[in-house]
Amino acid sequence: MSLLRASLYFAVVALSSLPSKAEEPAKPAPAAKDEKGSKEKKDEAKPDKKTETEHSLTLGGQKIDYTATAGTLALKDAEGKTTADIFFIAYTKKGITDAATRPLTFSFNGGPGSSSVWMHMGLLGPKRVKLRDDGFAVPPPYSLVDNEFSLLDETDLVFIDPVGTGYSRAAKPEDAKNFFGVNEDAKSIGEFIRLYVSKHSRWPSPKFLIGESYGTTRAAALSGELIRAHRLNLNGIMLVSTVLNFQTIWGGEGNDLPHMLFLPSYTATAWYHKRLAADLLKKPLAEVLAEAENFAAGEYNRALLLGAGLPAADRAKVVKEMARLTGLSEAFVDGSNLRVPLHRFNAELLRDKRLVTGRFDSRYTNYVRDPLSESAESDPSADAIFSAFASTFNHYVRNDLKFEDDRPYNILASVGKWNWDADNQFADVSEILAESMTANPFLKVHVSNGFYDMATPYFASRYTFNHLRVHPDLLKNITQDDYASGHMMYLNLPDLKKQKADLAKFIRAASAQ
């Protein structure tokens, strides 16, 4: 069965309304016009497509009965015409009579171009993909298990797929580009949230956003959009693997900042794969990272700042220490002019074993075909899990949630040229978040960082929040928690357990203020 706009409504003309042979035939032009106008009105009145199923889950010894709703919600323009159908999956606890007592959390992932499946089936939802306890892959076929660390005991959950991802589509394919941009995306998701809370009588509920990766960019942008367009203040925003200021992660000529901010993550990776000196390997990771952070912000930062003006003796010292803290050879560090981009680091660290390290999670490794390649051929941490999530979700949405659509569910979609609205600068939504925190001083922010995350490094996240332009009194509203895995830290079972506790504590505190 196809989506709403393709299959749910058919114009029906009653036989009794047709003229008999003896009757004077109606004038064709007005009849056609009226029929078209009537059909357009009927098309606009089509209901959103959705299915509802009943389930239960036991969390912390407590049985929770809940309703799962999978469906589409139509976005409309000023004339009432549908511009896009947004696919969502919502889980609502049964038996709640007062919406003001039940938090509501909207969740989305990143990309841009990613569906919401990752946090849905890995962290928050009632089911999760079964992996090894350390988060590493298992062989196919894949399966789901009850998620004993779901947040459904703390909050209702709504998982949103932006236009082009999942089953969400623009009404006209050629108009999809109108949704592909920082501001355009925030506007459409903001409108979805307004419609959802209105249609489901959730304006009184404490409201939260949780985004991962580019989803953190979206969450920050949304905080401003919701205030400006709908006067909707949030209780809290949860940021998982954060990137708000893209200058912190995108390098290039003239921008040395990412080199400094990535270095502690290189150290973590080399420590995990036992490529550091013996004295460092004997220390716990936290101590080694503290040493790397001090070097990155001090001697290394100075060396990058001085560039060719760095004295030769100082340069030699920096080369030696950088090699010591990254597991790379001094010759490689020196030949890279102290600037080792991520793709080269991932290819070089375990080159002697013909292995490449992961980007989303640098604990992962995989074989390489070309032992002389100067860049990573692939991301083993992505290759290891993408199929597991795609396979289990496609089965789950049809068989458990009873939602059928023969089009592909776009786990990861191409969204074409994204409008960063940065005027030839790096996109930076930290200013929007700062404005939102200032306008709504009750807004709380939680940040989850993974030490082995090489896509959005934890030290870059630290930098962003250390440079957030808010009143010092508002800094107490920001909580940061660290995890001993990567971008999707919740795939590691000990981190999933910790993250559940951290986020539950955050939601309770932000809801009760």
ring-ring contact (aromatic ring centres under 6.0 Å, His included) partners of F465, counting only residues at least two apart: none
Side chains of S115 and D161, donor plus acceptor under 3.5 Å: no
Side-chain donor-acceptor pair present, H487, S213, cut-off under 3.5 Å: yes
W118 side chain to S114 side chain, donor-acceptor N/O pair below 3.5 angstrom: yes
Test: K49 cationic atom under 6.0 Å from Y167 six-membered ring centre, within 45° of axis: no
Donor-acceptor under 3.5 Å (T105 side chain, F208 main chain): no
Pairing residues for T248 by the side chain to side chain donor-acceptor pair (under 3.5 Å) criterion, not counting sequence neighbours: none
Side chains of T67 and E54, donor plus acceptor under 3.5 Å: yes
Validation row, ring centre Y452 to ring centre Y272 under 6.0 Å: yes
Results of salt bridge (Lys or Arg N to Asp or Glu O under 4.0 Å) for E154 - residues two or more places apart only: R508
Derivation of the side-chain contact (heavy atoms from CB on, under 4.5 Å) call for Y483 and D481: CA-CA 7 Å; Y483 304 91; D481 285 307; 3.5 Å; yes
Expected output: side-chain R351 to main-chain S373 donor-acceptor under 3.5 Å: yes
Any donor-acceptor pair under 3.5 Å from N410 side chain to L412 backbone: no
Between Y142 and F389, ring centroids under 6.0 Å: no
Validation row, ring centre F106 to ring centre Y196 under 6.0 Å: yes
Plane angle bin for F262 and Y266 - parallel if under 30°, tilted between 30 and 60°, otherwise perpendicular: tilted
Criterion ring pair (Phe, Tyr, Trp, His ring centres under 6.0 Å) on W418 and Y214, from CA distance to verdict: CA-CA 12 Å; W418 196 258; Y214 181 83; 5.5 Å; yes
NZ/NE/NH1/NH2 to OD/OE distance under 4.0 Å, D134 and R132: yes
Main-chain N/O of F360 paired with D379 side-chain donor or acceptor, under 3.5 Å: yes
